[in-house]
Amino acid sequence: MAHLQLTALAGGADDEMEEVALLGSYDEEAGVGPEAEGDRAEAGMRRVQVRVTGMTCSACTGAVEAALSARRGVRRAAVSLLQNRAHVVFDPALAKEDDIVEAIEDAGFEAEILPDSTVSQPKPHKTLSGQFRIGGMTCAACVNSVEGILKKLPGVKGAVVALATSLGEVEYDPSAISKDEIVQAIEDAGFDAALLQSSDQDKVLLNVQGLHFEEDVDVLHDILKKMEGLRQFGVNFANSEVDIVFDPEVVGLRQIVDTIETESNNRLKAHVQDPYIRAASNDAQEASKTLHLLRFSLFLSIPVFFIRMVCPRIPLISSFLLMHFGPFRIGDLLRWILVTMVQFIVGKRFYVAAYRALRHGSTNMDVLVVIGTTASYVYSVCALLYGAFTGFHPPIYFETSAMIITFVLFGKYLEVLAKGKTSDAIKKLVELAPATAILLLKDKEGKYSGEKEIDASLVQPGDVLKVLPGSKVPADGIVIWGTSHVNESMVTGESVPISKEVSSLVIGGTMNLHGVLHIQATKVGSGTVLSQIISLVETAQMSKAPIQKFADYVASIFVPIVITLSFLTFLAWFLCGWLGAYPNSWSAESSNCFVFSLMFSISVVVIACPCALGLATPTAVMVATGVGASHGVLVKGGDALERAQNVKYVIFDKTGTLTQGKATVTATKIFSGMDLGDFLTLVASAEASSEHPLAKAILDYAFHFHFFGNLPSGKDSIKRRKEEILSQWLLEVVDFAALPGKGIQCWINGKKVLVGNRALITENGVNIPEEAERFLVDMELNAKTGILVAYDGDFIGLVGITDPLKREAAVVIQGLKKMGVHPVMVTGDNWRTARAVAKEVGIDDVRAEVMPAGKADVIHSLQKDGSVVAMVGDGINDSPALAAADVGMAIGAGTDIAIEAADYVLVRNNLEDVITAIDLSRKTFIRIRWNYFFAMAYNVIAIPVAAGALFPFTGVQMPPWLAGACMAFSSVSVVSSSLLLRRYRKPRLTTVLQITVE
């Protein structure tokens with residue numbers, strides 16, 4: 001999970017919601033790397049994203065990675081087979097983008113540099129935040145060294161470095177220091193450094209409508225040259241695109257688009273190019289190209305098949321085909337011409353790919369196809385020429401090479417279609433984002449003067465947008481006018497529409513159902529929840545599960561082994577025939593033992609399939625992560641998915657995880673002569689400076705006790721009135737101090753006030769009356785938390801607070817037990833309350849009075865025997881425990897889906913998703929194991945059959961063209977097996993518990 005990190009963004013409208021953004025592996029790296037940013041580009045590495053066409057198996061990805069790594073200046077290269085992408089980090093002083101493309105093409109594949117995948121709007125402040133991967137750190141001393149260096153740099157406002165994740169987060173002023181200079185400073189200190197993401201993303205690809213002639217290009221050039229704030233631009237006339245690097249402090253993206261439109265008198269219209277639509281277009285082009293080749297191959301191969309198999313049975317046609325044209329029979333000559341076109345026109349792609357692979361010392365499926373088809377073609381040509389000049393006509397197998405190529409292309413076409421379906425989840429998420437938004441315009445006095453429909457990608461933070469009933473919310477924001485219900489199921493998985501009113505938060509891509517809403521955009525571009533989910537799913541799909549290492553190893557040695565087996569098959573059959581070890585009747589149909597042996601050898605080469613092994617894991621992981629996202633369960637990688645299947649212990653935090661996190665005061669008891677109103681005022685004043693949920697509950701209770709009947713109607717009016725009252729009503733507090741795990745202390749009216757648990761009171765020498773002790777014990781036995789209050793050294797009273805359990809808590813705990821998972825509850829609350837809550841939900845193993853840092857120790861103790869431990873928490877206070885667990889699950893994350901320490905993010909605040917996460921992991925790896933079984937069993941069975949192992953007993957020989965068909969469908973079968981995961985349904989608790997509902 002080193003590719004995932006949390007980053008704070010600039011101010012939103014709601015201070016209570018922590019704003020986060022996800023770092024997305026290499027997909028986002030390509031969008032934030034230094035790309036021609038003037039003189040600053042000389043200092044750091046560059047990152048590019050390359051679309052690679054023609055890869056068929058793990059051996060292909062290895063060949064591309066090897067070719068890139070061997071290129072001078074390339075620091076790192078990662079290749080994804082399913083996404084057909086390579087992510088390359090290189091030194092711009094030693095290599096160029098063209099060198100990267102050339103290296104891939106030399107390896108036998110087509111390459112295209114992709115544009116930036118994300119565009120973010122300029123921030124309203126000058127301080128930027130960036131995350132850097134820092135390699136080479138081994139201990140805390142290294143961390144301190146790096147932090148010290150970073151903090152001394154001019155323009156750096158703050159720096160935090162984490163050893164466990166090898167990541168650093170830096171806040172800096174871009175006018176004083178660049179991100180490349182930060183990287184250089186870290187590297188000068190002896191560590192490896194690379195930028196992961198910065199909030200300064202200022203490169204965009206625009207699609208321009210109206211570029212029909214060279215004159216239009218000249219007009220666009222003139223407009224862009226005059227525009228201030230553009231660092232550089234490049235126009236691609238063929239694709240009607242313009243690539244722009246701009247200064248976000250000088251010009252905004254919307255201003256660029258508007259200027260192009262107005263200055264060209266509406267002749268030109270610019271739209272932000274959606275990278276996902278572009279990728280989908282490229283996938284469609286690849287499928288179309290493969291289909292075109294398949295049709296052409298079928299058009300040529302079907303006549304060859306008919307001439308060989310059908311025409312000899314029709315006397316008139318047979319006699320015509322046996323006629324001679326010079327030394328050749330017409331039938332043989334027609335087959336030669338047709339098959340030559342298939343072999344060298346349709347099959348050109350296989351020859352090119354095989355040549356480049358062999359040139360770099362690697363092998364792949366193309367090598368096997370070329371060997372098999374060429375052997376068949378060359379033999380057939382030789383046999384044809386031999387028959388033409390000697391009069392003795394041995395069997396000719398032209399149809400073999402043609403049908404092999406046709407079947408392989410058919411298999412590849414089906415594979416392209418099937419692999420496209422594995423990324424349906426990403427496509428559906430992308431389609432959630434609306435294309436346009438209605439922007440409310442303001443006049444000079446700040447009043448709304450009209451509205452304008454704009455491209456949704458041009459929305460900027462602070463924009464006020466109008467959302468009509470039945471339309472989608474264009475960006476994350478806050479409601480400033482109107483009421484409605486919003487369907488958020490497409491993002492969070494929550495099926496019930498959510499009520500929205502003034503001050504409610506809304507998520508981009510969700511559906512507004514009833515009323516009109518005015519929202520103020522707070523997060524746009526790559527900062528939105530939807531963009532973060534897409535980025536997280538993409539990152540997970542790019543990751544490799546540990547189980548895939550086996551397939552990668554097998555793929556690396558597969559082709560040489562198959563070629564060796566093919567040669568041994570030929571040698572064995574030929575020598576046996578030459579020595580008379582089998583009857584001549586076996587090879588009579590083939591005319592001699594050489595041809596007889598050759599056909600077995602070709603079948604072995606053609607039937608072997610390395611692709612199926614390479615596709616077994618990544619296709620299943622892609623489908624599973626997409627299915628999980630549709631159910632509100634976000635997985636951060638294949639390794640997390642693999643670990644979760646073996647979970648033995650699930651540790652639950654109590655507050656906010658097992659309970660609703662909505663603490664309420666249920667009882668107050670005074671043990672002095674103080675009036676209840678004065679008591680609540682005193683406690684509320686002391687707790688007003690605390691951020692603890694229990695403090696908020698006490699403050700709300702006291703406020704409503706005093707002022708409930710004097711509040712105006714309307715949520716905004718109540719909020720303003722409450723702020724006014726609090727500033728006047730609460731007592732003045734001095735020397736406030738929060739004591740973690742105990743409570744708070746402060747001074748009011750010159751007297752010391754203590755509010756907290758039993759330990760805080762007794763430590764300060766305050767005696768708790770027996771009556772108060774009995775009352776406190778009774779509350780704790782009823783799963784309530786007792787808050788004790790002392791004033792000026794005397795115990796004056798206590799407050800009882802309860803946090804109701806989630807309705808599904810007990811049944812989920814029972815469900816986990818049925819699945820063989822042991823639930824454990826860890827809480828900082830006292831033992832009596834903890835045991836009462838645990839008894840209510842059915843948890844037997846309880847750890848109470850545990851400080852936040854101590855939760856990690858509990859996890860380590862359970863891990864000692866090798867058990868896999870999962871931690872379920874809210875992702876904020878539980879971050880150390882989430883990071884320590886083998887599988888960290890952040891539940892109820894809502895819009896904060898990028899929680900740093902979690903391996904799983906459960907968007908909904910529902911414990912049932914814990915069962916879904918574990919069940920999905922188990923189902924996925926059952927499917928992966930089946931995929932490996934099919935792939936291995938296919939090769940283990942098919943290769944001996946093709947080699948003729950059954951021929952002595954059955955007399956049946958597998959023709960090479962049939963072997964090619966089997967090979968083509970083997971990889972399709974594995975992908976189709978993975979696609980069955982799309983039918984996954986969340987387990988019903990009644991099924992898990994084996995409950996019969998009558």
Side-chain angles (χ1 to χ4, degrees), residues 1-4 22-28 78 80-85 87 117 276 279 418-432 490-493 529-548 615-645 647 870 887-891 893 897-899 902-908 913-929 931 974-975 977-986:
M1 297 313 301
H3 301 317
L4 299 173
L22 178 70
L23 286 187
S25 172
Y26 295 104
D27 287 313
E28 286 187 316
S80 169
L81 172 63
L82 290 179
Q83 293 183 336
N84 291 320
R85 289 184 187 178
H87 307 277
S117 59
Y276 298 104
K419 285 198 293 185
K421 293 182 184 297
T422 62
S423 58
D424 274 354
I426 290 279
K427 295 173 186 174
K428 289 178 181 177
L429 287 170
V430 171
E431 290 169 358
L432 290 179
M490 60 284 294
V491 175
T492 66
V529 170
L530 186 59
S531 294
Q532 291 181 58
I533 291 176
I534 293 171
S535 179
L536 192 151
V537 174
E538 277 192 325
T539 302
Q541 293 178 347
M542 272 292 295
S543 67
K544 287 186 178 182
I547 195 174
Q548 194 175 338
L615 293 170
T617 298
T619 52
V621 169
M622 282 191 75
V623 177
T625 51
V627 167
S630 68
H631 287 94
V633 177
L634 304 178
V635 191
K636 291 191 177 179
D639 52 347
L641 200 63
E642 183 167 346
R643 289 195 302 270
Q645 65 169 326
V647 166
V887 180
M889 296 184 185
I891 189 170
I897 64 101
I899 292 174
D903 300 309
Y904 281 76
V905 177
L906 312 181
V907 179
R908 301 186 307 157
D913 289 341
V914 176
I915 289 180
T916 301
I918 297 174
D919 183 67
L920 176 62
S921 172
R922 291 180 177 181
K923 294 282 196 337
T924 300
F925 275 84
I926 288 173
R927 180 59 53 188
I928 288 174
R929 291 186 184 97
N931 287 349
V974 168
V975 178
S977 170
S978 294
L979 287 175
L980 291 175
L981 283 170
R982 295 199 304 172
R983 301 170 61 184
Y984 174 83
R985 295 293 180 268
K986 295 171 64 174

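Counting only distance, with no hydrogens or angles, the side chain of Asp903 and the backbone of Ala640 share no donor-acceptor pair below 3.5 Å.
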Q: For Thr924 and Arg922, run side-chain contact (heavy atoms from CB on, under 4.5 Å): C-alpha distance rounded to whole Å, both residues' side-chain angles, the deciding distance at 0.1 Å, then the answer.
A: CA-CA 5 Å; Thr924 300; Arg922 291 180 177 181; over 6 Å; no

Q: Test side-chain contact (heavy atoms from CB on, under 4.5 Å) on Ile918 and Gln645 and set out the steps.
A: CA-CA 6 Å; Ile918 297 174; Gln645 65 169 326; over 6 Å; no

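Ala917 and Leu906 make their closest contact through CB-CD2, 4.4 Å (heavy atoms, listed as atom of the first residue, atom of the second, distance). The two residues Val627 and Ser630 come nearest to each other via the heavy atoms O-OG, 2.5 Å. For Tyr984 against Thr916, the heavy-atom pair with the smallest separation is OH-O, 3.5 Å. Taking each heavy atom of Ala624 and Leu641 in turn, the nearest pair found is CB-CD2, 4.0 Å. Between Ile928 and Ala620, the closest heavy-atom pair is CG1-CB, 3.4 Å. Of all heavy-atom pairs between Lys636 and Val905, the closest is CE-CG2, 3.8 Å.
Lys986 and Asp919 are not joined by a salt bridge, as no carboxylate oxygen comes within less than 4.0 angstrom of a charged side-chain nitrogen.
Contact annotation: the side chain of Val887 approaches that of Tyr904 to within less than 4.5 Å [non-hydrogen atoms, C-beta and beyond].
Neither side chain, Thr617 nor Asn931, offers a donor N or O lying under 3.5 Å from an acceptor on the other. Of the N and O atoms on the side chains of Arg927 and Ser978, not one donor lies less than 3.5 Å from an acceptor on the other residue.
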